Amino acid sequence: MSVRIEQMWVEKYRPKTLDELIDQEEVVDGLKQLLANKNEMPHLLFAGPPGTGKTTTALIIARHLYGEAWREYTLELNASDERGINVIRERVKIFSQYFTPTEEIPFKLIILDEADMMTSEAQTALRRIMEINSRVARFILICNYLTRIISPIQSRCAIFRFRGIPKEDVIKYLERICQNEGVKYEEGVLELIYDYTKGDLRRAINLLQSAAGVGGGVIKALHVEELVGKVTPKVIRELIEYIKAGDFYKARHLLFDFKSGSGLDGQEIIRLIMNGLIESRLLTPEVAKILAEYEYRLINGAFEEIQLTAMLASIMSAIGRG
Amino acid sequence: MDEVIGNEDAKKKFIEWVKRWKKKEVEELGILLVGPPGIGKTSWVHAFANTFGYNVIETNASDYRSQKALEERLGHISRSVSLDSFFMGMHKKEPLIFLDEVDGLDPKADKGAIETVIKIAKSSGVLTVLAANIVDPKRYKELLKNFYVIEFKPLSPRQIELLLRKIVYLENLDIKDEKLREIVLKCKGDARAAINMLQSVAIGISIEAVGTTLENLPFEVFMKRLFEAKTYDEVVSLIQSNITHLEDLIQILWDLVSRSGMDIKYIADFLKELSDIDILWSRINRERKWGLLRYLFNLLPSYIYRLKRYVTYEEKFPEYRFYLFVKNRKVREQRDEIYNLIPRYFHVSKRKFITEILPYSYKLLIGDMWRDFREWCDRMFG
């Protein structure tokens with residue numbers, strides 16, 4: 001295993017039991033009641049902002065149901081990774097095939113993250129998939145926005161709302177990590193981290209760890225601010241520089257390099273470029289129109305790279321004139 | 001059966017042989033139809049089967065070249081037939097084995113395949129019909145010895161014309177007589193080619209282009225000719241006659257415009273138009289609306305004709321392909337390995353992983369095993 005996962009604090013300090021979860025008392029109480037008799041667990045729907053423990057809770061439930069062998073009985077899917085509902089249907093089908101419920105293992109568990117990324121058509125199909133497999137599988141759906149989940153699905157699930165984690169709890173959690181890791185920190189720096197990440201504990205911990213890495217074991221406000229300044233990755237900042245300088249040749253090469261290496265789809269890349277343009281105050285209404293136009297074209301075109309280069313040229317032409 | 005035009009003698013011979021075969025009066029094992037493509041051999045076999053109550057089991061020899069594949073495909077028929085004979089005369093149709101393109105079987109390379117065909121025909125007791133374009137008497141000695149050869153001849157111009165007129169009438173097409181005659185001359189007795197040409201003409205491809213369709217130039221030659229073409233019509237005809245190159249053409253045009261070094265305004269305009277072409281191309285393929293090709297046959301030539309004023313064509317390796325297949329090939333492989341581990345260890349989507357985790361933590365996460373990906377991360381996020 002060469003991804004050095006054990007070194008990632010987000011994973012190392014991910015709670016393993018319901019009692020370790022911080023500040024989601026309502027959720028925890030509700031779940032404890034539901035899980036008292038595991039045969040009767042309904043489908044679950046977790047909604048709430050990022051980094052508040054939704055996925056963590058789903059994994060805790062998997063452990064609670066199946067113990068250490070949880071991976072065997074749990075299918076983790078991410079709606080934004082799977083290409084279309086058909087892929088999801090196939091994977092669910094294969095996963096729940098040949099499974100006979102027993103007293104011990106009454107059903108298999110399917111965790112579907114980012115369910116609100118699915119179109120409403122796909123969600124309607126998902127609802128069918130849930131019904132067809134209801135004898136052998138329970139679903140835990142996870143989303144940021146409950147309103148983006150169609151109501152027939154909502155009505156089939158027990159819904160739990162997660163809320164942003166309050167300042168004191170975030171800071172307490174970060175303090176504990178620092179103690180454990182033997183990392184020192186400047187006064188007020190944990191508060192600073194909270195200010196940047198609000199209630200998103202995942203981002204807070206990642207920021208903490210990156211800052212510790214830069215500071216060589218001491219977390220300094222300076223480093224935190226530096227890191228936060230780099231919200232847009234270097235590649236996007238460079239791309240914006242080429243756009244400003246009118247260097248179509250280099251901009252295009254960087255775009256190819258980034259797209260082919262990252263495997264991100266065109267829409268995601270447009271989103272990143274837009275963030276970069278906002279940051280450097282280049283997002284005029286005219287440029288925004290170009291982005292919107294090409295995002296639309298991208299969806300309808302055959303070849304994303306053609307659309308993206310055309311967009312690049314259009315933006316550069318517009319900015320050059322401006 | 002009357003719908004299959006021409007070759008009356010051959011058809012008569014066919015029916016008579018089958019009659020004698022039923023009475024076990026023949027020595028041969030089956031029939032071998034020989035003749036150039038598109039003159040109705042296959043259509044005839046199906047029409048015959050329909051009329052006389054046979055169930056055609058059709059196999060293309062070029063798809064089942066090996067002895068084993070043939071046995072798997074056709075071997076069971078003999079067995080099921082002995083069972084079927086119980087029900088004969090009831091509702092069950094009698095089977096007919098039809099093996100097309102047997103001249104695609106190489107007596108040496110596909111050794112055993114021809115023997116298998118003969119064996120199946122012999123042992124199954126099923127009516128067996130083979131078809132071939134040309135049969136070399138030396139190489140296919142065994143086949144010729146065991147099968148009754150019936151020759152199918154190309155159709156006469158008159159017969160083709162009648163066929164086309166019938167289609168024009170049934171499909172309610174608006175096609176001039178002179179065009180029909182042109183097709184009749186060009187198709188050289190091949191009814192299938194004639195029908196294909198008719199269809200192309202109906203969706204708006206010019207007849208000159210249809211005639212050269214068979215040409216299908218190698219891509220490089222095609223590109224050079226496009227850029228050397230003296231007249232607009234020449235460009236049109238080249239594009240229409242090399243449809244298989246359209247996708248590559250669009251991508252090469254994109255590459256040419258991108259690296260042309262023109263003023264950014266021109267590049268933006270040319271690329272925007274190419275973006276339109278790409279969307280049209282996507283519609284044609286996604287919705288299978290081949291009729292839309294006629295717009296592409298207008299857009300592409302005018303695009304090339306204008307682009308030629310600014311750009312000359314040089315044979316170069318396209319940039320985006322360089323990033324896909326040369327420069328970032330290893331990066332992509334290693335990335336996919338890592339992506340496969342993500343759900344298991346990170347519990348986030350790939351999208352989130354690459355935009356939220358990787359930029360800050362790649363140094364920590366990615367070991368030496370994935371050096372290329374790590375170097376790429378340095379370029380992108382470092």
Side-chain angles (χ1 to χ4, degrees), chain A residues 1-5 7-8 10-11 14 55-56 59 71 76-81 113-114 202-203 206-207 209-210 213 227 230 233-235 246 248-249 252-253 256-265 268 272 294 297 300-303 305-307 309-311 313-314 316-318 320-321, chain B residues 247 250-251 254 258-259 261 264-265 267-272 274-276 278-279 281-283 285-286 319-320 322-324 327-328 331-332 335-336 338-339 341 343-352 354-357 359-361 363-370 373 376 379-382:
Chain A
M1 183 43 205
S2 304
V3 172
R4 303 191 198 119
I5 191 74
Q7 299 182 17
M8 292 293 291
V10 224
E11 291 305 321
R14 195 190 276 278
T55 309
T56 302
L59 296 172
R71 281 191 198 280
E76 276 186 80
L77 292 172
N78 198 302
S80 71
D81 286 342
D113 218 329
E114 301 196 30
R202 179 173 47 219
R203 273 188 64 207
N206 277 332
L207 187 54
Q209 186 170 21
S210 306
L227 284 165
K230 288 209 287 187
K234 176 183 133 193
V235 47
F248 180 62
Y249 180 83
R252 194 171 77 249
H253 275 271
F256 289 156
D257 200 357
F258 184 52
K259 187 164 192 302
S260 71
S262 68
L264 286 176
D265 66 25
E268 191 62 33
L272 287 171
Y294 276 98
R297 285 167 168 262
N300 293 294
F303 204 64
E305 278 80 356
I306 290 187
Q307 302 297 344
T309 20
M311 180 187 80
S314 261
M316 290 175 71
S317 167
R321 258 181 282 143
Chain B
E247 183 161 337
I250 291 171
Q251 295 192 4
W254 167 50
S258 295
R259 59 180 11 159
I264 190 71
K265 269 182 234 148
I267 293 185
D269 286 348
F270 269 115
L271 285 181
K272 174 140 196 191
L274 207 57
S275 147
D276 293 332
D278 176 62
I279 289 169
W281 177 242
S282 157
R283 269 189 75 196
N285 283 291
R286 230 185 265 180
E319 282 168 355
Y320 76 98
F322 171 72
Y323 278 99
L324 276 186
K327 182 157 184 187
N328 282 347
V331 173
R332 288 157 66 92
R335 178 199 75 205
D336 287 341
I338 294 170
Y339 274 9
L341 296 171
R344 205 174 158 83
Y345 295 106
F346 289 84
H347 313 291
V348 294
S349 65
K350 291 163 190 170
R351 186 176 55 87
K352 265 198 185 149
I354 209 136
T355 53
E356 286 181 21
I357 296 181
Y360 309 105
S361 317
K363 282 186 181 136
L364 211 65
L365 281 172
I366 294 167
D368 290 340
M369 196 181 137
W370 290 305
F373 189 66
W376 178 85
R379 285 209 299 281
M380 296 297 120
F381 309 124

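Here is how names work: the chains are called A, B, and so on, in the same order as the sequence lines, proteins then strands, and each is numbered from 1. For clarity, every value in this text was computed on a predicted model and none was experimentally measured. FYI, side chains are in, hydrogens and waters are out, and symmetry mates aren't considered; it's all heavy atoms of this structure.
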Winner by heavy-atom pair count (cut-off under 4.5 Å) against chain B, out of A/Arg297, A/Glu76, A/Arg14: A/Arg297

Is it the side chain or the backbone of B/Lys327 that comes within 4.5 Å of chain A heavy atoms, both, or neither? side chain

Residue A/Arg252 versus chain B: region with a heavy atom under 4.5 Å: side chain

With sequence neighbours left out, the residues meeting side-chain contact (heavy atoms from CB on, under 4.5 Å) with A/His253 are A/Tyr249, B/Glu319, B/Tyr323

Side chain, backbone, both or neither: which part of A/Ile306 has an atom under 4.5 Å from a heavy atom of chain B? both

Interface check, chain B: of A/Leu59, A/Asp113, A/Asn206, most non-hydrogen pairs under 4.5 Å belong to A/Leu59

Most chain A-contacting option - heavy-atom pairs closer than 4.5 Å, from B/Glu247, B/Lys352, B/Arg379, B/Arg335: B/Arg335

Using non-hydrogen atoms and a 4.5 Å limit, figure out which bit of A/Leu272 sits close to chain B: side chain, backbone, both or neither. side chain

Are A/Phe303 and B/Trp281 an aromatic pair by the rule of ring centers under 6.0 Å? no

Between B/Ser349 and chain A, which part of the residue has a heavy atom less than 4.5 Å away: side chain, backbone, both or neither? both

Portion of A/Glu305 that has a non-hydrogen atom of chain B nearer than 4.5 angstrom: both

With only heavy atoms counted, which part of A/Asp257 is less than 4.5 Å from chain B, the side chain, the backbone, both or neither? both

Name the region of B/Phe270, side chain, backbone, both or neither, that has any atom closer than 4.5 Å to a heavy atom of chain A. neither

Contact part of A/Ser210 toward chain B, heavy-atom cut-off under 4.5 Å: side chain, backbone, both or neither? side chain

Quick check on A/Ser80 against chain B: is it the side chain, the backbone, both or neither that has a heavy atom closer than 4.5 Å? side chain

